[in-house]
J.: 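Below is one structure. I have some questions about it.
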Amino acid sequence: CGVPIDGVSGVIRLGGQSDGVAAQTAGELDLDSVFWNDLQLTGVRGPLWADANDCLVGLGATERLKAEPRRLTANAYGGELAADCWVRYGGRPRYGMKIDLAGVDVARVSSEWLGRAEALQGALNGSVELQGAGVSIYGLTGAGRLEVGHRGVDLGVDPGFGAVVERRVVDVGLAGGGGRCGGVGGG
């Protein structure tokens with residue numbers, strides 16, 4: 001059970017308290033690099049809070065700490081992401097996350113993470129929310145909207161209008177039971 005994370009480099013600062021019955025800890029992630037599923041995140045920063053029932057990263061942590069609202073932030077493939085994550089223990093674990101992406105370079109994701117040679121272009125922007133229960137990803141559900149925009153071919157017209165900007169929008173729905181994912185295109 002848990003999320004396999006490799007190649008962690010950086011610092012996690014933690015402090016906590018216990019009254020002999022219950023304990024809690026809070027801290028700050030300040031990681032230079034993290035690999036999850038061969039996906040590299042750099043500059044991972046954000047608050048965390050945990051007790052015997054909950055583990056919160058991002059806004060949930062700052063809410064428990066009664067601190068200025070902050071999300072977990074990181075850099076990924078030339079872009080940025082912001083996230084809020086939670087895990088609720090006890091009985092059957094429940095978990096969820098909201099991830100917002102901005103300016104993620106599709107060409108870098110394709111070549112560096114997916115190992116594909118296609119000449120893809122564009123920037124990935126959008127938001128995805130996921131939640132699940134148990135110790136398997138097969139119970140995940142969620143939804144989101146992702147947009148890939150890119151510069152088209154220079155058509156040789158007036159420099160003020162020479163580049164065509166295209167975009168593709170996909171509404172994403174994820175239903176539990178085998179990780180089926182469906183998308184509705186637009187644009």
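Numbers here are sequence positions counted from 1. Values in this document were obtained by computation on a predicted structure and should not be read as measured data.
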J.: Say whether Ile5 and Leu31 are linked into one hydrophobic cluster, either directly or through other cluster members, by side-chain heavy-atom distances under 4.5 angstrom.
T.: yes
J.: Using every non-hydrogen atom in the two residues, find where Ala76 and Leu81 come nearest and quote the distance to one decimal.
T.: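 Taking Ala76 first and Leu81 second, the nearest heavy atoms are CB-CD2, 4.3 Å.
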J.: Any donor and acceptor pair, going by atom type alone, linking the side chain of Arg45 with main-chain N or O of Leu72 inside 3.5 Å?
T.: no
J.: So, does Asp19 use its side chain to make a donor-acceptor pair with the main chain of Val21 at under 3.5 Å?
T.: yes
J.: Of all heavy-atom pairs between Ser127 and Asp100, which one has the smallest distance, and what is that distance?
T.: OG-OD1, 2.7 Å
J.: Given the rule that I, L, V, M, F, W and Y join up when any side-chain heavy atoms are under 4.5 Å apart, are Leu59 and Val87 in one cluster?
T.: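 No.
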J.: Indicate yes or no: at least one non-hydrogen side-chain atom of Leu130 is less than 4.5 angstrom from one of Tyr95.
T.: no
J.: Can Arg71 and Asp84 be counted as an ion pair, charged N to O under 4.0 angstrom?
T.: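 So Arg71 pairs with Asp84 through a salt bridge.
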J.: According to a 4.5 Å side-chain heavy-atom criterion applied to Ile, Leu, Val, Met, Phe, Trp and Tyr, with indirect links allowed, do Val57 and Val44 form part of one hydrophobic cluster?
T.: yes
J.: Go through the steps for Cys55 and Tyr89 under the test side-chain contact (heavy atoms from CB on, under 4.5 Å), then give the verdict.
T.: CA-CA 8 Å; Cys55 179; Tyr89 307 110; 3.5 Å; yes
J.: Does a side-chain heavy-atom distance below 4.5 Å link Leu29 with Val34?
T.: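 No, side chains not in contact.
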J.: Quick one: are Glu63 and Leu56 in side-chain contact, heavy atoms under 4.5 Å?
T.: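 A side-chain contact is absent here, since even the closest heavy-atom pair is not under 4.5 Å.
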J.: For Val104, run the side chain to side chain contact (heavy atoms under 4.5 Å, CB included) check against Asn125, Leu146, Val148, Leu124 and tell me which one passes.
T.: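 Of Asn125, Leu146, Val148, Leu124, side chain to side chain contact (heavy atoms under 4.5 Å, CB included) with Val104 is met by Leu124 alone.
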J.: Please report the shortest heavy-atom distance between Met97 and Cys85, naming the atom on each side.
T.: CB-SG, 4.0 Å
J.: Say you draw a straight line from CZ of Arg88 to CG of Asp54; how long is it, rounded to the nearest 0.5 Å?
T.: 4.0 Å
J.: Could you check whether any side-chain N or O of Glu129 sits under 3.5 Å from a backbone N or O of Lys98, counting only pairs where one atom can act as donor and the other as acceptor?
T.: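 Not at all, since once roles are kept as given, no pair shorter than 3.5 Å links the two residues.
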J.: What is the minimum heavy-atom distance between Thr62 and Pro47, and which atoms define it?
T.: CG2-CG, 3.5 Å
J.: What's the separation between atom OG in Ser111 and atom OH in Tyr77, rounded to the nearest 0.5 Å?
T.: 9.0 Å
J.: I'd like to know if the side chain of Thr25 and the backbone of Gly15 have a donor-acceptor N/O pair within less than 3.5 Å.
T.: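 Present.
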J.: Please find the pair of heavy atoms, one from Gly46 and one from Arg70, that lie closest to each other, and give the distance.
T.: CA-NH1, 4.3 Å
J.: Does the side chain of Asp38 come within less than 4.5 Å of Asp6's, by heavy atoms?
T.: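 When only atoms from C-beta onward are counted, Asp38 and Asp6 do not touch, as no gap falls below 4.5 Å.
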J.: Go through the steps to decide whether Val109 and Leu39 satisfy the test side-chain contact (heavy atoms from CB on, under 4.5 Å), and finish with yes or no.
T.: CA-CA 9 Å; Val109 170; Leu39 172 86; 5.9 Å; no
J.: With the 4.5 Å side-chain cut-off for hydrophobic clustering, are Ile12 and Phe35 part of the same group?
T.: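 No: no chain of side-chain contacts under 4.5 Å links Ile12 to Phe35.
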J.: Does the side chain of Trp49 reach to within under 4.5 Å of the side chain of Leu65, using non-hydrogen atoms?
T.: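 Yes, their side chains come closer than 4.5 Å.
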J.: If Ile, Leu, Val, Met, Phe, Trp and Tyr residues are connected whenever their side-chain heavy atoms lie under 4.5 Å apart, and connections chain through other members, are Trp36 and Leu41 in the same group?
T.: yes
J.: Decide whether Gln40 and Ser33 meet the rule of one side-chain donor and one side-chain acceptor closer than 3.5 Å.
T.: yes
J.: Compare every heavy atom of Ile99 with every heavy atom of Ala83, then report the nearest pair and how far apart it is.
T.: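 In this case the closest contact between Ala83 and Ile99 is CB-CG1, 4.2 Å.
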J.: Quick one: CG on Asp30 to CD on Glu28, what's the gap to the nearest 0.5 Å?
T.: 7.0 Å
